[in-house]
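Working notes for the structure below.
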2 protein chains.
Amino acid sequence: MTRTSLARYPCPLARAADLVGDKWALLILRDALAGVRRFSDFKTRLGASTNILTERLNHLVEAGILHRKPVRPGVQRVEYHLSEKGMSLVHALLALWQWGERWTFEEGKSPVTVQARDTGEKLGPLQLQTVSGRPLSITDIEMVPTEAAPAITHQSYAALKAQKA
Amino acid sequence: MTRTSLARYPCPLARAADLVGDKWALLILRDALAGVRRFSDFKTRLGASTNILTERLNHLVEAGILHRKPVRPGVQRVEYHLSEKGMSLVHALLALWQWGERWTFEEGKSPVTVQARDTGEKLGPLQLQTVSGRPLSITDIEMVPTEAAPAITHQSYAALKAQKA
DNA sequence: AAATTTAGTTGCTTAAAGAAACTAATTGGT
DNA sequence: ACCAATTAGTTTCTTTAAGCAACTAAATTT
C-alpha cells in the first residue's frame, strides 16, 4: 500500500504533479522565486515544521529543482538555490497566482501581487500562443497523442501503478 | 494536530495551492479539461481508489471548480462539469504541462501533447505580459505588497495557523 | 569563551491515503 | 417486464505521511 507515484505516468502533467503537485513544494517555490535561500527563512515564512521542510527541500534537490550550495566556501552550512529547471516553473506558479487573485480574493484585495519590475504595471493573463507566436484562446487548444505514444494512450493509467517508485 | 489549511493565508498562491495543490486534484482537472465528466471515467483514467476520488470530487465541487449535474433531468446520477472558475485553471495546468514536457521527458518523447485545434501547430511558451499587452520575460517581474496588505506582510505566516479551517 | 542562532534529527501521535468489500440506483439485453 | 451488468458511490480496515515537541551539532555573535 505504498503511496501512488506519478513519476512514470506517460503524461507531462502527471510527472510535473509528482514533483511539485503539493502544497509545501509550491510555497517553497514561491519563496525561492522571491529570493529566499535559507532554511530558517523558509521555515518562518511557511510555518511548516522542520522535519517536513527538510523532507520537501531534499525532494526538490533530488529532483534537480533546487541546488544546495555552501553559504561560503569551506563551510558546510548550505543555501538553496533555484536551478534553471526550478526557474522555469515561474509560468506555472504565476498562473496559479493569477488564478488565486481572481478567485480567492475580492477584486483588488490581494495583499501581495506580481508586477512589472521597471514600470510597476499590473500583469495581464498569461497569453497562449503557437510556436510561431500566433495568439490562441483557451478554447483553441486540444490534447492529442503523439507518435511517441504506443498503445498506452488508450489504456488505463491504472496499469502504471504496478510500477511503484 | 489537524492538517494545515492554507485557505486563509494572505497569498493568492497559497490559497490556490490549498484548492488544487494536490496530485489527484491536478489529474482530475487535466481530465476534466479533456472532456471527462463521469465518475467511472475519472476512476479508470486516474487509477485512484473510489473513496479518494469521491473525496476529491466533493472538494472540487465545494470549491466551486466543478459542478454536479444530473446526467438527464429527473435522474439522480450526476456528471461533473467544469465551472468558469475551473476552466480558468487552464493556464496553470498548461504551464505545468509544458514544464513537464520540457523537464520530465526527453525532447519530443512526450506521449501526449497540447496543440492548436485548427492547424495542429505546437504551442509556444505562455507569454508574460502587462495588462496593456507589453511582453515581459521572467526576470522582468517582482512580487510586491499592495495597499490591501496591512501589517501582515512582514509577519510570519505561521501566525495564520492558529486559524484552522 | 559563552550565549545565541541555524540547520537540522529523532520519537511520538493523529490524520489522510489506499485496498477491498459491500450497497443502491441505473442501464442494457432478451 | 425481468435479470444481469454497470455506475456511483459508502464503509471498514491498514499503512503511510503530516505535524508537534524535544533534542543536537555546527556556525555566528558578543
Side-chain angles (χ1 to χ4, degrees), chain A residues 1-6 17-18 21-28 31 36-61 66-81 156-165, chain B residues 1-6 17-18 21-28 31-32 36-62 66-81 156-165:
Chain A
M1 197 177 71
T2 42
R3 212 83 144 203
T4 310
S5 163
L6 306 180
D18 189 66
D22 153 70
K23 295 188 215 300
W24 294 127
L26 291 171
L27 293 184
I28 288 170
D31 284 353
V36 173
R37 316 236 136 124
R38 302 290 286 255
F39 188 92
S40 58
D41 293 333
F42 284 114
K43 177 150 174 35
T44 53
R45 290 179 57 119
L46 303 192
S49 20
T50 57
N51 51 352
I52 307 287
L53 182 56
T54 302
E55 199 226 343
R56 295 309 147 127
L57 288 171
N58 288 343
H59 258 168
L60 291 171
V61 168
L66 295 177
H67 265 274
R68 228 187 284 269
K69 270 190 191 165
V71 294
R72 286 175 303 99
V75 122
Q76 80 192 45
R77 184 165 294 179
V78 295
E79 285 181 337
Y80 296 90
H81 288 252
S156 138
Y157 285 111
L160 268 292
K161 299 186 69 177
Q163 298 190 349
K164 297 287 183 178
Chain B
M1 197 176 69
T2 44
R3 212 81 145 208
T4 311
S5 163
L6 307 180
D18 188 66
D22 154 68
K23 294 187 214 300
W24 293 127
L26 291 170
L27 292 184
I28 288 171
D31 284 353
V36 173
R37 319 235 136 123
R38 302 291 285 257
F39 188 92
S40 57
D41 293 333
F42 284 114
K43 175 148 175 36
T44 53
R45 290 179 57 120
L46 303 191
S49 17
T50 57
N51 50 353
I52 307 289
L53 182 56
T54 302
E55 200 226 343
R56 295 309 146 127
L57 287 171
N58 288 342
H59 257 169
L60 291 171
V61 168
E62 278 169 39
L66 295 178
H67 265 275
R68 230 187 283 271
K69 269 191 192 165
V71 295
R72 285 175 304 99
V75 121
Q76 79 192 47
R77 184 165 293 178
V78 295
E79 285 180 337
Y80 296 90
H81 288 252
S156 137
Y157 285 111
L160 267 293
K161 298 186 71 176
Q163 299 190 348
K164 297 287 184 175

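Each chain gets a letter, A, B and so on, in the order its sequence line appears, and its residues count up from 1. These values consider heavy atoms only, across backbone and side chains, with no hydrogens, waters or symmetry-generated copies.
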Checklist entry - Glu79(A) has an atom CD; how far is it from atom P of dG8(C), in whole Å? => result 11 Å

Checklist outcome for this item: CD1 of Ile52(A) to NZ of Lys43(A), rounded to nearest 0.5 Å, is 10.5 Å

Item to check | CA sep, side-chain torsions, deciding dist, call: Asp31(A), Asp41(A), side chain to side chain contact (heavy atoms under 4.5 Å, CB included) | outcome: CA-CA 9 Å; Asp31(A) 284 353; Asp41(A) 293 333; over 6 Å; no

Checklist outcome for this item: His59(B) NE2 to dA17(C) C1', in whole Å, measures 14 Å

Checklist entry - Asp22(B): what forms a side chain to side chain contact (heavy atoms under 4.5 Å, CB included) with it, not counting sequence neighbours? => result Trp24(B), Ala25(B), Arg56(B)

Checklist entry - What pair of heavy atoms forms the shortest contact from Ala17(A) to Leu26(B), and how long is it? => result CB-CD1, 3.8 Å

Item to check | Rounded distance in Å - CG (Leu53(A)) to P (dG19(D)) | outcome: 12 Å

Checklist entry - Excluding sequence neighbours, so at least two apart, what forms salt bridge (Lys or Arg N to Asp or Glu O under 4.0 Å) with Glu79(B)? => result Arg38(B)

Checklist outcome for this item: Reading nucleotides 9-18 of chain D from 5' to 3' and marking B where a protein heavy atom lies under 4.0 Å of the base, S where only the sugar-phosphate is that close, and - otherwise, the string is BBBB-BBBSB

Item to check | Check: Leu6(B) and Leu27(A) side chains under 4.5 Å, non-hydrogen atoms | outcome: yes

Checklist entry - Listed by chain and number, what are the side-chain hydrogen bond (donor to acceptor under 3.5 Å, both in side chains) partners of Arg68(B), not counting sequence neighbours? => result Asn58(B), Tyr80(B)

Item to check | Axis-to-axis angle between the two ends of the helix from dA1(C)-dT30(D) to dT30(C)-dA1(D) (five base pairs per end, rounded to 10 degrees) | outcome: 40°

Checklist entry - Hey, what do you get for CG (Leu53(B)) to OG1 (Thr44(B)), rounding to the nearest 0.5 Å? => result 10.0 Å

Output one line per pair: protein atom, nucleotide atom from nucleotides 26-29 of chain D, and distance, for all N/O pairs under 3.5 Å.
from	atom 1	to	atom 2	distance (Å)
dA26(D)	N3	Arg77(A)	NH2	3.4
dA27(D)	OP1	Gln76(A)	N	3.1
dA27(D)	O4'	Arg77(A)	NH2	3.4
dT28(D)	OP1	Arg72(A)	NH2	2.9
dT28(D)	OP2	Arg72(A)	NH2	2.8

Checklist entry - Mind checking whether Thr54(A) and Phe39(A) have side chains closer than 4.5 Å, heavy atoms only? => result yes

Checklist entry - After noting the C-alpha distance and the side-chain angles of Val36(B) and Ile28(B), does the key distance pass the side chain to side chain contact (heavy atoms under 4.5 Å, CB included) rule? => result CA-CA 9 Å; Val36(B) 173; Ile28(B) 288 171; over 6 Å; no

